[in-house]
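What follows is a single structure, written as C-alpha coordinates, with notes after it.
Index from 1, following the sequence.
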Amino acid sequence: PLCVSIERFVMVYGKLYVFVSRKFRSLFKDYFRNKDIEIVKDHEFVIISNNCWGGSAYQWYRRPYNTPFVGLFIYGSCYLKLLNNFEYYMAQKLSFITKSKYPSTGKTYPIGLLSDIEIHFEHFASEDEAREKWERRTARMFKVTNIDNYFFKICDRELTTKSNLVEFHELPFKNKISFSVNNYEELKARNHIVILESEKNKGEYVPNGKKLFELTYLYFDLNKWLVG
(Lines give C-alpha, C1' and ligand atoms only; values in the text may rest on other atoms or scores of the structure.)
Protein backbone atom coordinates (compact mmCIF):
# COMPACT_ATOMS: atom_id res chain seq x y z
CA PRO A 1 0.00 0.00 0.00
CA LEU A 2 1.03 3.59 -0.69
CA CYS A 3 0.98 4.63 2.97
CA VAL A 4 3.36 1.80 3.88
CA SER A 5 5.74 2.78 1.06
CA ILE A 6 5.74 6.42 2.20
CA GLU A 7 6.35 5.43 5.80
CA ARG A 8 9.25 3.21 4.72
CA PHE A 9 10.73 6.01 2.59
CA VAL A 10 10.54 8.46 5.50
CA MET A 11 12.24 5.96 7.81
CA VAL A 12 15.04 5.21 5.34
CA TYR A 13 15.56 8.92 4.62
CA GLY A 14 15.54 9.67 8.36
CA LYS A 15 18.19 7.04 9.06
CA LEU A 16 20.32 8.35 6.20
CA TYR A 17 20.04 11.89 7.55
CA VAL A 18 21.05 10.75 11.01
CA PHE A 19 24.03 8.79 9.63
CA VAL A 20 25.34 11.68 7.54
CA SER A 21 24.77 14.25 10.31
CA ARG A 22 26.56 12.11 12.88
CA LYS A 23 29.56 11.68 10.57
CA PHE A 24 29.62 15.43 9.88
CA ARG A 25 29.54 16.22 13.59
CA SER A 26 32.30 13.69 14.21
CA LEU A 27 34.45 15.22 11.47
CA PHE A 28 34.17 18.69 13.01
CA LYS A 29 34.07 17.43 16.60
CA ASP A 30 36.38 20.07 18.09
CA TYR A 31 34.34 22.92 16.63
CA PHE A 32 31.03 21.57 17.93
CA ARG A 33 32.48 20.63 21.32
CA ASN A 34 33.97 24.10 21.91
CA LYS A 35 30.71 25.68 20.82
CA ASP A 36 28.72 23.49 23.24
CA ILE A 37 31.14 24.17 26.12
CA GLU A 38 30.76 27.90 25.51
CA ILE A 39 26.96 27.62 25.65
CA VAL A 40 26.86 25.59 28.86
CA LYS A 41 29.71 27.63 30.41
CA ASP A 42 30.12 26.85 34.13
CA HIS A 43 26.50 25.84 34.72
CA GLU A 44 26.41 23.21 37.43
CA PHE A 45 24.92 19.83 36.62
CA VAL A 46 24.93 16.24 37.87
CA ILE A 47 23.92 13.52 35.41
CA ILE A 48 22.30 10.33 36.67
CA SER A 49 22.19 7.76 33.88
CA ASN A 50 21.43 4.05 33.59
CA ASN A 51 24.49 3.52 31.36
CA CYS A 52 27.55 5.16 29.73
CA TRP A 53 25.53 7.98 28.14
CA GLY A 54 26.22 10.14 31.18
CA GLY A 55 29.96 9.52 31.17
CA SER A 56 30.08 10.49 27.49
CA ALA A 57 28.37 13.78 28.35
CA TYR A 58 31.03 14.64 30.94
CA GLN A 59 33.78 13.79 28.47
CA TRP A 60 32.16 15.94 25.79
CA TYR A 61 31.94 19.00 28.05
CA ARG A 62 35.36 18.25 29.57
CA ARG A 63 33.90 18.15 33.06
CA PRO A 64 35.22 16.15 36.04
CA TYR A 65 32.88 13.34 37.04
CA ASN A 66 30.69 14.66 39.86
CA THR A 67 28.49 11.59 39.54
CA PRO A 68 29.24 7.93 40.29
CA PHE A 69 27.08 6.80 37.33
CA VAL A 70 30.03 6.45 34.95
CA GLY A 71 31.44 3.33 33.28
CA LEU A 72 28.56 1.17 34.45
CA PHE A 73 24.99 0.17 33.74
CA ILE A 74 21.92 -0.65 35.82
CA TYR A 75 19.04 -2.87 34.79
CA GLY A 76 15.66 -1.17 34.40
CA SER A 77 13.89 -2.52 37.48
CA CYS A 78 16.86 -1.79 39.76
CA TYR A 79 17.30 1.68 38.29
CA LEU A 80 13.69 2.63 38.92
CA LYS A 81 13.84 1.28 42.46
CA LEU A 82 16.97 3.33 43.11
CA LEU A 83 15.44 6.53 41.70
CA ASN A 84 12.25 6.07 43.71
CA ASN A 85 14.31 6.21 46.91
CA PHE A 86 17.36 8.05 45.63
CA GLU A 87 18.70 9.62 48.83
CA TYR A 88 18.40 6.36 50.77
CA TYR A 89 20.20 4.21 48.23
CA MET A 90 22.96 6.73 47.56
CA ALA A 91 23.73 6.74 51.28
CA GLN A 92 24.20 2.95 51.34
CA LYS A 93 27.66 1.38 51.48
CA LEU A 94 28.71 -0.35 48.29
CA SER A 95 29.38 -4.08 48.54
CA PHE A 96 29.99 -6.70 45.86
CA ILE A 97 28.46 -9.99 44.77
CA THR A 98 29.75 -12.78 42.55
CA LYS A 99 26.54 -13.53 40.66
CA SER A 100 23.77 -11.32 39.31
CA LYS A 101 20.07 -12.05 39.56
CA TYR A 102 19.83 -11.00 35.91
CA PRO A 103 20.79 -13.14 32.86
CA SER A 104 24.53 -13.34 32.23
CA THR A 105 25.99 -10.89 29.70
CA GLY A 106 28.90 -13.22 29.04
CA LYS A 107 31.30 -10.54 30.29
CA THR A 108 33.39 -10.49 33.46
CA TYR A 109 33.33 -7.33 35.57
CA PRO A 110 32.63 -6.29 39.20
CA ILE A 111 28.97 -6.36 40.27
CA GLY A 112 28.20 -3.92 43.06
CA LEU A 113 25.29 -3.89 45.45
CA LEU A 114 23.64 -0.90 47.16
CA SER A 115 21.34 -2.70 49.60
CA ASP A 116 19.30 -4.63 46.98
CA ILE A 117 20.28 -2.59 43.90
CA GLU A 118 22.74 -4.14 41.46
CA ILE A 119 25.37 -1.87 39.89
CA HIS A 120 27.17 -3.44 36.93
CA PHE A 121 30.65 -1.91 36.70
CA GLU A 122 31.20 -3.02 33.12
CA HIS A 123 34.22 -0.80 32.44
CA PHE A 124 36.11 -1.40 35.69
CA ALA A 125 38.95 -3.88 36.14
CA SER A 126 38.46 -4.68 39.82
CA GLU A 127 36.21 -4.26 42.84
CA ASP A 128 38.77 -1.98 44.45
CA GLU A 129 38.79 0.37 41.46
CA ALA A 130 34.98 0.37 41.28
CA ARG A 131 34.63 1.07 45.02
CA GLU A 132 37.25 3.83 45.10
CA LYS A 133 35.78 5.71 42.14
CA TRP A 134 32.17 5.19 43.25
CA GLU A 135 32.89 6.63 46.70
CA ARG A 136 35.00 9.52 45.39
CA ARG A 137 32.47 10.53 42.76
CA THR A 138 29.52 10.11 45.12
CA ALA A 139 31.22 12.51 47.54
CA ARG A 140 31.54 15.04 44.71
CA MET A 141 27.88 14.54 43.82
CA PHE A 142 26.75 15.27 47.38
CA LYS A 143 28.42 18.67 47.16
CA VAL A 144 25.68 19.65 44.69
CA THR A 145 22.76 20.12 47.06
CA ASN A 146 20.18 21.60 44.69
CA ILE A 147 18.24 18.64 43.26
CA ASP A 148 17.10 20.88 40.37
CA ASN A 149 20.68 20.68 39.10
CA TYR A 150 20.39 16.90 38.80
CA PHE A 151 19.55 15.52 35.35
CA PHE A 152 18.08 12.03 35.12
CA LYS A 153 18.29 9.92 31.98
CA ILE A 154 16.97 6.48 31.07
CA CYS A 155 16.80 4.44 27.87
CA ASP A 156 15.20 1.19 26.78
CA ARG A 157 18.37 -0.91 27.11
CA GLU A 158 19.21 -3.26 30.00
CA LEU A 159 15.77 -4.89 30.17
CA THR A 160 14.06 -1.54 30.63
CA THR A 161 10.36 -1.95 29.89
CA LYS A 162 7.62 0.40 28.75
CA SER A 163 6.25 0.45 32.29
CA ASN A 164 9.73 1.43 33.57
CA LEU A 165 9.78 4.37 31.16
CA VAL A 166 6.30 5.49 32.16
CA GLU A 167 7.17 5.19 35.86
CA PHE A 168 10.39 7.14 35.28
CA HIS A 169 8.45 10.13 33.98
CA GLU A 170 6.20 10.05 37.04
CA LEU A 171 9.17 10.65 39.35
CA PRO A 172 9.20 14.05 41.10
CA PHE A 173 12.51 15.23 39.61
CA LYS A 174 12.49 18.38 37.48
CA ASN A 175 14.90 17.22 34.78
CA LYS A 176 14.14 13.88 33.13
CA ILE A 177 14.74 12.47 29.65
CA SER A 178 14.15 9.05 28.13
CA PHE A 179 15.27 7.44 24.87
CA SER A 180 13.65 4.54 23.07
CA VAL A 181 13.13 3.05 19.63
CA ASN A 182 9.40 3.09 20.43
CA ASN A 183 7.02 6.03 20.44
CA TYR A 184 4.61 5.26 23.27
CA GLU A 185 1.27 7.05 23.43
CA GLU A 186 1.62 7.46 27.20
CA LEU A 187 4.87 9.40 26.75
CA LYS A 188 3.91 11.79 23.95
CA ALA A 189 3.55 14.69 26.39
CA ARG A 190 6.81 13.78 28.12
CA ASN A 191 10.48 14.46 27.40
CA HIS A 192 10.70 11.16 25.53
CA ILE A 193 12.99 10.93 22.48
CA VAL A 194 12.36 8.32 19.79
CA ILE A 195 15.62 7.17 18.18
CA LEU A 196 15.63 5.83 14.61
CA GLU A 197 18.85 3.87 15.04
CA SER A 198 18.89 0.71 17.15
CA GLU A 199 21.44 -1.76 18.46
CA LYS A 200 22.73 -3.76 15.45
CA ASN A 201 19.70 -2.38 13.53
CA LYS A 202 17.44 -5.01 15.09
CA GLY A 203 14.87 -2.44 16.22
CA GLU A 204 14.73 -3.81 19.78
CA TYR A 205 16.37 -0.98 21.72
CA VAL A 206 18.65 2.02 21.31
CA PRO A 207 22.43 1.72 20.68
CA ASN A 208 24.94 1.61 23.54
CA GLY A 209 25.40 4.67 25.74
CA LYS A 210 28.40 6.11 23.91
CA LYS A 211 26.77 5.89 20.48
CA LEU A 212 23.44 7.08 21.87
CA PHE A 213 25.13 10.19 23.21
CA GLU A 214 26.63 10.85 19.76
CA LEU A 215 23.10 10.67 18.35
CA THR A 216 21.48 12.82 21.03
CA TYR A 217 22.25 16.18 19.42
CA LEU A 218 20.42 15.13 16.27
CA TYR A 219 17.21 14.68 18.20
CA PHE A 220 17.43 16.93 21.25
CA ASP A 221 18.98 20.22 22.39
CA LEU A 222 21.11 18.93 25.24
CA ASN A 223 22.73 22.32 25.86
CA LYS A 224 19.38 23.96 26.42
CA TRP A 225 18.29 21.15 28.75
CA LEU A 226 21.41 21.44 30.91
CA VAL A 227 21.37 25.21 31.08
CA GLY A 228 17.62 25.40 31.69
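When atom types are taken as modelled, the side chain of R33 and the backbone of W60 share a donor-acceptor pair closer than 3.5 angstrom. Proximity of a side-chain donor or acceptor of N164 to a complementary backbone N or O of T160 within less than 3.5 Å is not detected. At distances below 3.5 Å, not a single donor-acceptor pair connects side-chain atoms of D36 with backbone N or O atoms of Y61.
Once rounded to the nearest 0.5 Å, the distance linking NZ of K210 with CH2 of W53 reads 14.5 Å. Within the model, atoms NZ of K81 and OG of S115 stand 7.0 Å from one another, a figure rounded to the nearest 0.5 Å. Atom OG of S49 is separated from atom OH of Y58 by 10.0 Å, given to the nearest 0.5 angstrom. Taking CG of N149 as the reference point, atom CG of L226 lies at 10.5 Å (rounded to 0.5 Å). Here CZ of R63 is found 8.5 Å from NE2 of H43. Values are rounded to the nearest 0.5 Å. Taking CD1 of I74 as the start and CG of L72 as the end, the distance is 6.0 Å to the nearest 0.5 Å.
Not counting sequence neighbours, the partners of F220 by the ring-ring contact (aromatic ring centres under 6.0 Å, His included) test are W225. The side-chain hydrogen bond (donor to acceptor under 3.5 Å, both in side chains) test applied to K107 returns E122, not counting sequence neighbours. Applying the side-chain hydrogen bond (donor to acceptor under 3.5 Å, both in side chains) test to K188 and every residue at least two apart in sequence or in another chain returns E185. Residues meeting the side-chain hydrogen bond (donor to acceptor under 3.5 Å, both in side chains) test with S178, sequence neighbours left out: H169, H192. K41 is linked by a salt bridge (charged side-chain N to carboxylate O under 4.0 Å, His left out) to E38, counting only residues two or more places apart in sequence or in another chain. Listed by chain and number, the residues in a salt bridge (charged side-chain N to carboxylate O under 4.0 Å, His left out) with E186 are K162 (sequence neighbours excluded). Legend: residues meeting salt bridge (charged side-chain N to carboxylate O under 4.0 Å, His left out) with R136, ordered by chain and number and at least two apart, are E132. In this structure F173 satisfies the ring-ring contact (aromatic ring centres under 6.0 Å, His included) test together with F152, sequence neighbours excluded. By the side-chain hydrogen bond (donor to acceptor under 3.5 Å, both in side chains) test, Y150 pairs with no residue at all, sequence neighbours left out.
Criterion: ILVMFWY side-chain heavy atoms under 4.5 Å apart, direct or through other members. Under it, F168 and L187 are part of a common hydrophobic cluster. A chain of hydrophobic side-chain contacts below 4.5 Å, direct or via other Ile, Leu, Val, Met, Phe, Trp or Tyr residues, connects L212 to L196.
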Can Y89 and N84 be said to form a side-chain hydrogen bond (donor to acceptor under 3.5 Å, both in side chains), step by step?
CA-CA 9 Å; Y89 280 113; N84 270 292; over 6 Å; no

Carefully, step by step, assess S100 and E118 under the rule side-chain hydrogen bond (donor to acceptor under 3.5 Å, both in side chains).
CA-CA 8 Å; S100 171; E118 288 190 15; 2.6 Å; yes

Could you walk me through whether K153 and N51 pass the side-chain hydrogen bond (donor to acceptor under 3.5 Å, both in side chains) test, one step at a time?
CA-CA 9 Å; K153 170 265 175 189; N51 63 12; 2.7 Å; yes

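Side-chain contact between F32 and Y217: absent, with no pair of heavy atoms (C-beta onward) separated by less than 4.5 Å. Looking only at side-chain heavy atoms (C-beta outward), E167 and L80 come within less than 4.5 Å of each other. Contact annotation: the side chain of N50 approaches that of C155 to within less than 4.5 Å [non-hydrogen atoms, C-beta and beyond]. Looking only at side-chain heavy atoms (C-beta outward), N182 and V194 stay at 4.5 Å or farther from each other.
Cluster partners of Y109 are F73, Y75, I97, Y102, I111, L113, L159, counting Ile, Leu, Val, Met, Phe, Trp and Tyr whose side-chain heavy atoms approach within less than 4.5 Å, directly or via other members.
Taking the ring centroids of Y31 and F28, they lie at or beyond the 6.0 Å cut-off.
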For residues 138-147, which side-chain N or O atoms pair as donor and acceptor with protein atoms under 3.5 Å away, sequence neighbours left out?
{"residue": "T138", "atom": "OG1", "partner": "W134", "partner atom": "O", "Å": "2.6"}
{"residue": "R140", "atom": "NH1", "partner": "Y65", "partner atom": "O", "Å": "2.7"}
{"residue": "N146", "atom": "OD1", "partner": "D148", "partner atom": "N", "Å": "3.0"}

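Counting non-hydrogen atoms of other residues, nucleotides and ligands closer than 6.0 Å to CD of E170 gives a total above 12.
A salt bridge links R131 and D128; the closest N-O separation between the charged side-chain nitrogens and carboxylate oxygens is under 4.0 Å.
For residues 47-58, no pair satisfies salt bridge (Lys or Arg N to Asp or Glu O under 4.0 Å), with sequence neighbours left out.
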